[in-house]
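All remarks here apply to the structure that follows.
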Amino acid sequence: MRRWFPARSSPSWRLRGPSSWSIRAQSSVAATPRSRIRRRNTDQIASMASFPLVTSLTRPESNHVSGLCGRDTRMRESTTPPGRLPPRVRIAPSPTGDPHVGTAYIALFNFVFARKYGGRFVLRIEDTDQERSTASSEAAILEALRWLGFEWEEGPDVGGPHGPYRQSERLGIYQAHVQRLLDGGHAYRCFCTRERLDALRREQIEAKASHLGYDGHCRALSPDEGARRAADGEAHVVRLRVPSEGETSFFDHLRQETIGFQNEQIDDQVLVKSDGFPTYHLANVVDDHLMGITHVIRGEEWITSTPKHVLLYRAFGWEEPCFFHLGLLRNTDRSKLSKRKNPVSIFHYRDLGYLPETLLNFMATLGFSMGDDRERFTLDEMITAFEWSKVSAGGPVFDAAKLDAFNGADIRAMDVDTLHRRLLETTLAPERLRALLFHAKERIARLDDVVPYISFAFGAEVDYGPVLDKVKIKKRSRQDVIDVLERFAEEIERDPAARTFEAAALEAFSRGFCERSGWKAKDLFTLLRIAVTGRTAAPPLFDTMAICGKDRCRLRIRDLIGVLGGVADW
RNA sequence: GGCCCCAUGGUCUAGCGGUCAGGACGUUGGCCUCUCACGCCGAAAUCCCGGGUUCGAUUCCCGGUGGGGUCACCA
């Protein structure tokens, strides 16, 4: 683990550390023109004031470690972060699906950092993908983040001095900025068709090209011709003109290292799509600058596009923020956390009865440690103890069993009155209970039967043992059943209406699905009823699914698929 | 495949040149107890490999290996 500054620096470290580094960095730059040149943030070391020489030794002219970062002379304590303080940070989710735990994870570090140093936490909606962005997704994300306890000083719902905070409402701003890039020669219009790009891509893959990317076909177009053709209404995009030689690097403040890329590795990124909307890269840089963001704290999936962002900051003549790239949350198989393999919706955790403060604590331990043996701590305690040297850069596996252990311990620690109250607010909320009673009353003879009757609407997995025989659908093989469940689960996510999980939309979707797949409604619905409830008898299927909720249904369908996978063929 | 990131028990981590490598989850043995759960006590299990630097590397450097990310008019 690297540090800002040696917490207990011994005289020998002081003598050896920086000086040996400076020599190495210097010679490696000169002798080996490798794409990746690592060096310490020498400014920080220099600011220890013990090595006036270090700066001149290790700071080549091309040092890109500049901007907001590294020049901070307040860098005297190990806990003082780089960059301008108080910080302004942001979480910038894309409203294209369910609120993701990865978003919450990144939000946590942004939020804690802002709170620790008296900064501001901004929420910005990155809805530049017209195809996939939805208002309901945006609302869900805000709801989920609030449930977890995050509060933002600026955002689409609370306003703020740098609004609007929804990128789709900032189109004019991007247009003006693109014109600046065009005028400065930092960007150019590209009229290549989808077909040409596809063909190019295929060629590159077939030729096993070392790196795929745009071939610069339109780079040579004169700005005048580009402008003329654009004025004629010809469809086009705007691309970033990346220098063909040299390297672009940035300092990653979490890793405490410079990360460099050969420019030839960097694609001429599209900045404006043919629909006139900016891509993430452009909008993100423009907005971060205009909103005064000082520290960009995001997932490491962004590392490879950071040089494009850096190039944009320079093209505009703007100071760069400090970059921190956090490790990605992983599935048990270590791939990037995905809903195919894991519940990733924040609502899943909410609706199955995880306590928000516990989920937050658990996520915190994934990338942060107190430094001592404590791992049960509150948000406030984390804020108090927070410093970047306590954050690890590896990608942690999201261990659901440990989350369960934390949650169980916290439930035990509650007094019964508190537990009772919280249960009434969530799992047994009046509206939810009422919805269940609406269906239960038709089917019970004694009031007391209501609890066993509605039990399917609670808990995670159900026991398929007693009903396993019933999923043997006539003329359908075991594999047919597995396939149709998988396909159903997959397609429902893509259906904009069905994924709201309202009964009517679910029914419409499911009937359409039957037509497409050739399954009889009766057979499919039986299957789904068993998957979702573990029973052959329940209230009307789509009401049942709606009450159980998307995440519970998803979990159980997946669970049944798993059970079927281990069962003998029929 | 190119580029980039990461690397301490199965999992999350502490560790900042000399430690019996600490904690947590999980696994496991026992105690407690009408059962289960909780709780308590104990156990097994880790420094990816190879070079280098050093009197001494889990720790610093390089290389390899492994894992991950990224190569879209998605973010």
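Each chain gets a letter, A, B and so on, in the order its sequence line appears, and its residues count up from 1. As the structure is a prediction and not an experimental result, all values here were calculated from the model.
- The partner of B:rC47, taking Watson-Crick or G-U wobble pairs whose two distances both stay under 3.5 Å, does not exist in any strand shown.
- Ring geometry for A:F316 versus A:H177: interplanar angle over 60°, hence perpendicular rather than tilted (30 to 60°).
- In the set B:rC5, B:rA14, B:rG23, B:rG23 carries the atom at the smallest distance from any side-chain atom of A:K402.
- Here A:G371 lies in heavy-atom contact (under 4.0 Å) with sugar-phosphate atoms only.
- In this entry the distance linking CD of A:E387 with P of B:rA14 reads 12 Å, nearest Å.
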One pair to check against side-chain contact (heavy atoms from CB on, under 4.5 Å): A:D410 and A:M414. What are the steps and the verdict? CA-CA 6 Å; A:D410 287 347; A:M414 271 181 215; 5.6 Å; no
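- Base contact: A:V237 has a heavy atom under 4.0 Å from a base atom.
- Among the heavy atoms of the strands lying under 4.0 Å from A:R132 is at least one base atom, whether or not backbone atoms are also near.
- Both A:R201 and A:S305 sit near RNA chain B, but only A:R201 has its closest nucleotide nearer the 5' end.
- A salt bridge between A:K402 and A:E375 is present, with a side-chain N of the basic residue lying under 4.0 Å from a carboxylate O of the acidic one.
- Residue A:T279 has its side chain nearest to B:rC73 when only B:rC5, B:rC73, B:rG2 are considered.
- Shown here, B:rG39 forms a base pair with B:rC31; the pair counts as Watson-Crick or G-U wobble because both key distances fall under 3.5 Å.
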task = Would you sort out whether A:E357 and A:R422 count as a salt bridge (Lys or Arg N to Asp or Glu O under 4.0 Å), showing the intermediate values?
result = CA-CA 13 Å; A:E357 62 273 29; A:R422 290 185 76 148; 2.8 Å; yes
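- For A:K336, the side-chain atoms get nearest to B:rG68 when compared with the rest of B:rG68, B:rU13, B:rC3.
- Nucleic acid contact for A:T128: sugar-phosphate only, since backbone atoms but no base atoms lie under 4.0 Å from a heavy atom of the residue.
- Taking the ring centroids of A:F277 and A:Y174, they lie at or beyond the 6.0 Å cut-off.
- In the set B:rU13, B:rG26, B:rC73, the nucleotide with an atom closest to the side chain of A:S392 is B:rU13.
- Using N1 to N3 plus N6-O4 or O6-N4 for Watson-Crick, or N1-O2 and O6-N3 for G-U wobble, each under 3.5 Å, B:rC60 pairs with B:rG52.
- A:G394 comes within 4.0 angstrom of sugar-phosphate atoms only, judged by non-hydrogen atoms across all strands, and of no base.
- With distances taken from any side-chain atom of A:D373 to the nucleotides B:rC3, B:rG23, B:rC12, the minimum falls on B:rG23.
- One C1' atom belongs to B:rC36, the other to B:rA14, and the distance between them is 35 Å to the nearest Å.
- The same atom, C1', is picked in B:rU33 and in B:rC40; the two are 13 Å apart, to the nearest Å.
- Between A:N331 atom CG and B:rG69 atom C1' there is a gap of 13 Å when expressed in whole angstrom units.
- Counted by atom type alone, A:T378 and A:D380 present zero donor-acceptor pairs between their side chains at under 3.5 Å.
- Distance check on atom C1': B:rG22 versus B:rG29 gives 23 Å, rounded to whole Å.
- With B:rC6, B:rC12, B:rG69 as the candidates, the nucleotide lying closest to the side chain of A:E257 is B:rC6.
- The aromatic rings of A:F113 and A:H295 sit perpendicular, their planes meeting at an angle over 60°, well past the 30° parallel limit.
- Between A:Q204 atom CD and B:rA72 atom P there is a gap of 9 Å when expressed in whole angstrom units.
- Rounded to an integer number of Å, the gap from CZ of A:R330 to C1' of B:rA7 is 10 Å.
- Remark: B:rU65 base-pairs with B:rA7; criterion is Watson-Crick or G-U wobble with both hydrogen-bond distances under 3.5 Å.
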Are there any protein N/O atoms within less than 3.5 Å of an N/O atom in nucleotides 37-46 of chain B, and if so, which ones and at what distance?
unit_1, atom_1, unit_2, atom_2, d
B:rC38, O3', A:R412, NH1, 3.2
B:rG39, OP1, A:R412, NH1, 3.4

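- B:rG26: no Watson-Crick or G-U partner with both key distances under 3.5 Å is found in any strand.
- If you take CZ of A:F261 and P of B:rC5, they are 7 Å apart, rounded to a whole angstrom.
- Nucleic acid contact for A:S94: sugar-phosphate only, since backbone atoms but no base atoms lie under 4.0 Å from a heavy atom of the residue.
- If you take NE2 of A:H325 and P of B:rG69, they are 16 Å apart, rounded to a whole angstrom.
- Classified by interplanar angle (parallel below 30°, tilted 30° to 60°, perpendicular above 60°), the ring pair A:F406/A:F362 is perpendicular.
- Checking A:Y280 against A:E126 by side-chain atom types alone, no donor-acceptor pair falls below 3.5 Å.
- Phosphate contact (OP1/OP2 of B:rC12, side-chain N/O of A:R334, threshold under 4.0 Å): present.
- In terms of position on RNA chain B, the residue among A:I303 and A:D333 whose nearest nucleotide sits closer to the 5' end is A:I303.
- Taking atom CD1 of A:I125 as the reference point, atom P of B:rC74 lies 18 Å away to the nearest angstrom.
- Look at the P atom in both B:rC5 and B:rG42: the space between them is 44 Å, to the nearest Å.
- Following rounding to the nearest Å, A:N342 (CG) and B:rC12 (P) show an atom-to-atom distance of 13 Å.
- The A:D129 side chain lies nearest to B:rC74 when the options are B:rG23, B:rG26, B:rC74.
- The listed nucleotides are B:rG10, B:rU13, B:rC5; the one nearest the side chain of A:D399 is B:rG10.
- In this structure, A:E126 reaches the sugar-phosphate backbone alone: every heavy-atom distance under 4.0 Å involves primed, P, OP1 or OP2 atoms, never a base.
- Taking the six-membered ring where the residue is Trp, A:H325 and A:F323 present parallel rings, their angle staying beneath 30° rather than reaching 60°.
- At B:rC74, one or more side-chain N or O atoms of A:K273 fall inside 4.0 Å of OP1 or OP2 (strictly under the cut-off).
- B:rG26 and B:rG15 are spaced 24 Å apart, taking the P atom of each and rounding to whole Å.
- A:F398 has its ring centre less than 6.0 Å from the ring centre of A:Y349.
- Side-chain nitrogen and oxygen atoms of A:T304 include none within less than 4.0 Å of the OP1 or OP2 phosphate oxygen of B:rG69.
- Counting atom types as modelled, A:S274 pairs a side-chain N or O with a base atom of B:rC73 as donor and acceptor under 3.5 Å.
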